Amino acid sequence: MSQNVPLIALGPLLMVWFGFGLLPKMILLVLVRFFPVAWSMLAGLQHAEPQLREYLAMIGASRRQTFWRLELPASLPYFFSGLKLTAAYSFSTAVVAEWLGSGRGIGYFLVLQSRGYKTTGVFAAILCIVACSLLLYGLAAGVERIGLRRLRPGAERVKGGGAA
Amino acid sequence: MSGLQGSPGGSGGTPWKLEVVSVSKRYMRDGKPLHVLDRISLGVREGEFVSVVGPSGSGKSTLFRLIGGVERPDAGSIRIAGRDVTGQRGHISYMPQQPALFPWLTVRQNIVSALTIARVERKRAVRLAEEWLERVGLGDVAGAYPHELSGGMQQRVSFLRALLMPRDVMCLDEPFAALDALTRTRMQAWLLMQWEASRRSVLLVTHSIEEAVLLSDRIYVLGKSPATVRREIRVPFPRPRSQDIWTDPAFTRLRADILALLEGNGEHDD
């Protein structure tokens, strides 16, 4: 849901407030990543298996016990899937943030090359961006695999990412 | 109001473990009041196996939710081991229709986790789980995950988990309803054996008359909406029992009686 809101539009505003350094870009990236992951985790908390919830209620588990034993483990797949989904998206956000206002970085380089009609440079930049995005996605997918195997062994993976 | 009179320690010698005293419950559904339970009174004595039989939709699950303290009755009270626990949780152990095992925990961890909720110290819980899994022939699957087990095996684990919780009453909510006929018959024999060895106080809700007669000391037959106790029946077969009683003429007669009560042509309320 929140991924449909173009947070990137906040970019110029953040530049005005925080200058052209690293800070506004970091803020933008945090915004872009935090909300989708948080939303999908919240969805996961609510989707915790209802018959397990009922079981815990019947045997008198407290709210805290219900959270630690059911809700948190049940929402972990949503957390990891949110992480994976935002991985590539965060890279493209970083690139755009750089071409909005920066003196260096791959986004800045891309804009510079395209203004000079240097097709070779543009292609090189595109290749770099694609490779980095895929790398980040692969990294997130790996973290998901290992994380789920460690934290919820035996459980099959939940498909899709809730709020994505 | 049939059945149970008076308070614990009263007439019958063995004390009541669970008493449901004149409990009523109503819901609002689509703006209309729905009367689910009407002055239900029933009880389970120490070491007694009691069943509640009723047609589907007769509010059996609601009854359990009230006993478990997940909901409050509109009138009446729930007493466990002589104390009024109406609306309080954490006094029963519970075996639901679906095994309700945590998929990310092994069989052993599932049992330990439930026991620690019942304030059993962790080390003791682990020891108990190991010991009993071995004793009921599930030792091999202690380290397996629930999805690796068959439905029947999962229900055995679920039963063991309920059995080991140090609570006064075990509530079994149609535990075999989701199993196929053959597995179901096997599970009933298994449960009978386990229960006769442990003699816990059990309240079983079921819609299977055969199951109720095979397993119980007493049966409460519920009528339909709002559910009332139609009759309380003492099951005459001696213990230890086996499924051989299914061919006993007395069994057939008892089953026919209960069936007649359920179908509603038996309005003998005392």
Side-chain angles (χ1 to χ4, degrees), chain A residues 37-38 40-84 140-162, chain B residues 61 63-71 80 85 87-120 141 143-149 154 158 161-162 164-173 175 178:
Chain A
V37 174
S40 91
M41 244 190 128
L42 273 176
L45 286 180
Q46 281 156 17
H47 287 163
E49 290 84 337
Q51 84 265 28
L52 293 180
R53 193 181 284 280
E54 175 75 6
Y55 171 75
L56 285 178
M58 284 294 283
I59 65 165
S62 65
R63 280 189 71 125
R64 255 180 74 171
Q65 286 168 330
T66 308
F67 176 76
W68 284 108
R69 288 170 203 234
L70 173 62
E71 288 168 339
L72 190 65
S75 68
L76 275 176
Y78 294 87
F79 168 73
F80 285 121
S81 122
L83 213 60
K84 203 169 63 177
V143 169
E144 178 188 41
R145 275 254 291 279
I146 294 165
L148 287 186
R149 204 176 294 161
R150 278 277 168 80
L151 300 166
R152 325 189 356 153
E156 56 311 348
R157 282 220 240 126
V158 177
K159 284 165 200 84
Chain B
S61 295
L63 180 64
F64 264 3
R65 290 175 66 91
L66 295 177
I67 293 172
V70 176
E71 290 181 59
I80 288 177
V85 294
Q88 284 178 31
R89 298 187 189 188
H91 294 279
I92 60 162
S93 72
Y94 177 58
M95 176 181 182
Q97 185 176 335
Q98 303 296 328
L101 299 171
F102 291 74
W104 51 85
L105 299 180
T106 62
V107 164
R108 188 194 299 110
Q109 288 167 339
N110 260 289
I111 293 173
V112 171
S113 167
L115 291 185
T116 50
I117 287 176
R119 298 211 178 78
V120 177
V141 297
Y145 290 97
H147 71 97
E148 297 171 302
L149 309 184
Q154 290 185 18
S158 176
R161 180 175 64 173
L164 293 183
M165 286 184 88
R167 299 269 167 91
D168 286 303
V169 192
M170 277 173 78
C171 290
L172 317 183
D173 187 2

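Everything numeric here is computed off the predicted structure, so don't read it as measured data. Any value given below was found using the heavy atoms of this structure, including those in side chains, with hydrogens, waters and symmetry copies removed. Convention: sequence-line order gives letters A, B, ...; per-chain numbering from 1.
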- request: Report the relative orientation of the aromatic rings in A/Tyr55 and B/Tyr94; use parallel for angles under 30°, tilted for 30 to 60°, perpendicular for over 60°.
  value: parallel
message: Quick check: do A/Glu54 and B/Pro96 have side-chain heavy atoms less than 4.5 Å from each other?
response: no
task: Let me know if B/Met165 has heavy atoms under 4.5 Å from chain A in its side chain, its backbone, both or neither.
output: side chain
- request: Check whether B/Arg161 gets within reach of chain A through its side chain, its backbone, both or neither, counting any heavy atom under 4.5 Å.
  value: side chain
task: Report yes if the side chains of A/Arg69 and B/Leu105 come closer than 4.5 Å at any heavy-atom pair, otherwise no.
output: no
field: Region of B/Ile67 in contact with chain A, defined by heavy-atom distances below 4.5 Å
entry: neither
query: What part of B/Arg167 is in contact with chain A, defined as an atom under 4.5 angstrom from a non-hydrogen atom: side chain, backbone, both or neither?
result: side chain
- request: Taking the side chain as every heavy atom from C-beta outward, state whether A/Met58 and B/Asp173 have any atom pair closer than 4.5 Å.
  value: no
- prompt: Under the side-chain contact (heavy atoms from CB on, under 4.5 Å) test, which residues partner A/Ser62, sequence neighbours left out?
  reply: A/Arg64, A/Gln65
- prompt: Considering residues at least two apart in sequence or located in another chain, which fulfil the side-chain contact (heavy atoms from CB on, under 4.5 Å) criterion with A/Glu49?
  reply: A/Gln51, A/Leu52, A/Leu70, A/Ala74, B/Pro103, B/Trp104
